[in-house]
Amino acid sequence: MMPKSERIVKTLNVQEEFRNFSCAAQQLNASQSTHRFSFVNHTIKTVNMPKVRHSVNLKSKLTSYISEFKEDGLSTDNKILFCNLCQCAVSSTQKFLVQQHITTSKHQANKQLNSKQRQLFLTQPTTSNVRSEFNIDLCRSLISADIPLYKLKNKVFREFLEKYTQHTIPDESTLRKTYAPSIYDETIQKIRDEIKDSSIWVSIDETPDKEGRLVGNVVIGLLSEQYSERILLHCDVLEKCNNKTIVKLFNEAMGILWPKGIMKR
């Protein structure tokens, strides 16, 4: 049997080894935790950095395209490349795609037309007035010929006009909002000058259009023994057709013809 003193020493040695093993295990765990934390941080950095670099590279690429092809009307908002001459976005992922666009027949035609207009602007100080006069003459001609303004959306028609007039054809909405109202006022004034204070006859008719709306038309003419030209003075969409809406339509038409008051005899 082992003496008691030897048993005590052996027990102490076992306890010391256990403590050493525990300290080593804790250090290993701490080292693994630190390694995992460093790995996570490294992963976050490698994911975030390319995004910033990509944004910077895209902006630099778009700017370089504009600088290189500065005569081709390119612009950018640092996200996409836009062609002002063709009014469209241009693919900018590769340089050859930009070159491919600026060599198309459409782009070259727009570039040539823009160059001619720029030369005209430099040689004639009143170019802007000329363009405005052209637009109003174009609008007046289309209305007079009963050609709807939306026909300007036709590609062949627009190209024909641009080719033989050497003018940029405005959008139909531009003519409708900017020039048609002045032509209307001009036409109404001509009617007033023709009628003046003369006696007139009035004809009012209501008919549905293709969309089913009730459209009231007021037609007038000089009341005389000789033939007088019929004039469409006013038209409006009616909520319903009855005596109240017809009287309202009549009063509106007379107010247009005689804004200072209806002449009664």
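Side chains are part of it too, since the values below use all heavy atoms of this structure and drop only hydrogens, waters and symmetry mates.
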Where do [X] and [Y] come nearest, in terms of heavy atoms and distance?
X	Y	result
Tyr65	Ser92	CE1-O, 3.6 Å
Pro259	Leu257	CD-O, 3.4 Å
Val98	Ser91	CG2-O, 3.7 Å

So, the side chain of [X] versus the backbone of [Y]: is there a donor-acceptor pair under 3.5 Å, distance only?
X	Y	result
Asn242	Thr245	yes
Glu206	Leu214	no
Trp258	Lys196	yes
Ser67	Thr63	no
Thr174	Pro170	no
Asp72	Leu74	no
Asn84	Gly73	yes
Arg158	Ile169	yes

Between [Y] and [X], is the closest basic N to carboxylate O distance under 4.0 Å?
X	Y	answer
Glu186	Arg140	yes
Glu68	Lys95	yes
Arg176	Glu172	yes

Is there a side-chain contact between [X] and [Y] (heavy atoms, below 4.5 Å)?
X	Y	result
Asn217	Leu233	no
Phe134	Thr165	yes
Arg213	Leu238	no
Asp137	Glu133	yes
Ile195	Ile200	yes
Ile220	Leu232	no
Cys139	Ile183	yes

Should [X] and [Y] be counted in the same cluster of Ile, Leu, Val, Met, Phe, Trp and Tyr side chains packed under 4.5 Å apart?
X	Y	answer
Phe157	Tyr164	yes
Ile188	Met254	yes
Phe160	Leu175	yes

Exercise. Give a yes-or-no answer on whether the side chains of Gln189 and Asp193 include a donor-acceptor pair shorter than 3.5 Å.
Key: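 There is such a pair between these side chains.
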